[in-house]
Amino acid sequence: MIRTVTTTPYGDQKPGTSGLRKKVPVFQQKNYAENFIQSIFDSLEGFKGETLVIGGDGRYYNREVIQIAIKMAAANGFGRVLVGRGGILSTPAASNVIRKYKAFGGIVLSASHNPGGPTEDFGIKYNIGNGGPAPEKVTDAIYARSQVIDSYKTSDVADINLDAEGTQELDGMTVTVIDPVADYAELMENLFDFAAIRKLISGGFRVVFDAMSAVTGPYAKEIIEKRLGAPKGSVMNFIPLPDFGGHHPDPNLVHARALYETMMGPDAPDFGAASDGDGDRNLVIGRGIFITPSDSLAMLAANAHLAPGYAKGIAGIARSMPTSGAADRVAEKLGIGIYETPTGWKFFGNLLDEGMATICGEESAGTGSNHVREKDGLWAVLLWLNILAVRKESALDIVQKHWATYGRNYYSRHDYEEVDSDAANGLMANLRDQLASLPGKSFGALKVATSDDFAYNDPVDHSVSKNQGVRILFEGGSRVVFRLSGTGTSGATLRVYIERFEPDAARHGIETQEALADLIAVADEIAGIKARTGRTEPSVIT
Ligand code: G1P
Ligand code: ZN
């Protein structure tokens, strides 16, 4: 039976870079999830009788919100819900299911790489029919609605059995529980040369994949061990846990330290990789070489034609503004378009839909292509394996040859987490005040060429996104970029992105922080990070 429930707005349901992220106890407040889900439905038009995809990364509170969302979808008039078995769908797999089954959209429950558990993070994101995150005009409408919402609709029925595949009826709507892995594995098999990768692996090439006790475990088990024949045990931490085993499911050099140590050690496998909580990020490490996400984007784009899915070449590359310029040099050489967008995958959607870009990436360990409308961790790993299988060279050789051809973009991101919000906002305001006076100023050997607050004019829908990060470009191509995170759940996170282009191959072997030391010092001098935040060093360096 359909029921309308009276509610009052919370006022704090503003979607950030990737949906609404809050601590679990916030989501557990009365009607909190219901308010946000109803605000999503109230911001959409024309979904009566249509299909909605629902799934999440399996973190704490996933199942509860899935039940809420299914019942509300029925009460609001959707015709069908497709939900992953156990409530599981990785973010790229959800994107694929939306596209493949021509769904109206999808609700993806995840807080990505943030920790999970009763006092940790949870999130709700809405994806549109192209499979990608809702654009700003939709998220703005959702937020506006959430501030005035006075009722929501739900269905008074028992919980759906999420653990048995098959179709059930619910207040005039059908709910089909689907295998979360099958459609995705089939897509990967269509894009990549599985036979070549199988041959590489059966020839003794060793690959390890750390699923970080998060959603990619079942996907990686099926693809890497079962279909590609890697020995049992190649996929580590493959059981998704509601609290990710108490770890941050964030595939970076801090939280995937053990994998990094293994890959740098004497008995290192040939290739190591990891993915995050919801499966859209990737970490790739060759034996003896960590490949930065910005470099990985450039190298994948340069070699994509070696995989069957991209054999005809790529149309263009898109990268977020803070991502290094390494991909720009590849685009230039290939004679294809390069697009610089604000941070967040949603900005790639139009470029992919229009066929302007084929491969996209962000410095934050996100890479993907037009096969779905989300970044895709396993996709990046499989494309690397495909390239390694065809080139028959080590990852280290491929990286060094790439730098020799295109030059090396030394790159690092310094994060200052849980900074006082006023201090962080003051720091950004002060930087914005300096924009006009910086060009022409010298800091030691570094001379500022230009500085601005990045604004993006979408070439497809002509929407304008302002205040996307302060960038200071120096003569010679070095730069520092400052922005505040849009995904944090407590205080503010200041991100400082530092980059230096080095064309000289004789200078490609310098330790990264050392190669960037003068820029790091100048970033502090201009922004007053230490003085304003009271922090003497970043919380995380990647
Ligand atoms: C971070 C990353 C960004 C990514 C987003 C979602 O956002 O920097 O590249 O798209 O997570 O995974 P931020 O916290 O910087 O707003
Ligand atoms: Zn993620």
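Counting starts at 1 for both ligands and their atoms, in listed order. Every heavy atom of this structure was used, including side-chain atoms; hydrogens, water molecules and symmetry mates were not. The structure displayed is predicted, hence computed values, not measured ones.
- One finds a salt bridge joining Arg471 and Asp452 here, because a Lys/Arg side-chain nitrogen approaches an Asp/Glu carboxylate oxygen to under 4.0 Å.
- Side chain of Asn62 to backbone of Gly87: a donor-acceptor contact under 3.5 angstrom is found.
- Ring centroid separation for the pair Phe244 and His248 does not come in under the 6.0 Å cut-off.
- Around ligand 1 you find Thr17, Ser18, Arg281, Thr343, Gly344, Glu362, Glu363, Ser364, Lys375, Arg413, Arg483, Ser485, Gly486, Thr487, Arg495, each with a heavy-atom distance below 4.0 Å.
- No hydrogens or angles considered: a donor-acceptor pair under 3.5 Å links the side chains of Thr91 and Asp278.
- Aromatic pair Tyr61/Phe27: centroids not less than 6.0 angstrom apart.
- Within Asp280, the N/O/S atom positioned nearest the Zn ion (ligand 2) carries the name OD1.
- Nearest N, O or S atom of Asp278 to the Zn ion (ligand 2): atom OD1.
- Partners of Ala365 by side chain to side chain contact (heavy atoms under 4.5 Å, CB included), not counting sequence neighbours, listed by chain and number: Arg281, Pro293.
- The distance from the Zn ion (ligand 2) to the nearest N/O/S atom of Ser110 is not under 2.8 Å.
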Given side-chain contact (heavy atoms from CB on, under 4.5 Å), test Ile387 with Leu383 step by step and report yes or no.
-> CA-CA 6 Å; Ile387 292 165; Leu383 180 49; 3.9 Å; yes
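- Aromatic ring centres of Tyr219 and Tyr184: separated by under 6.0 Å.
- If you look at Asp276 and ask which of its N, O or S atoms sits nearest the Zn ion (ligand 2), the answer is OD2.
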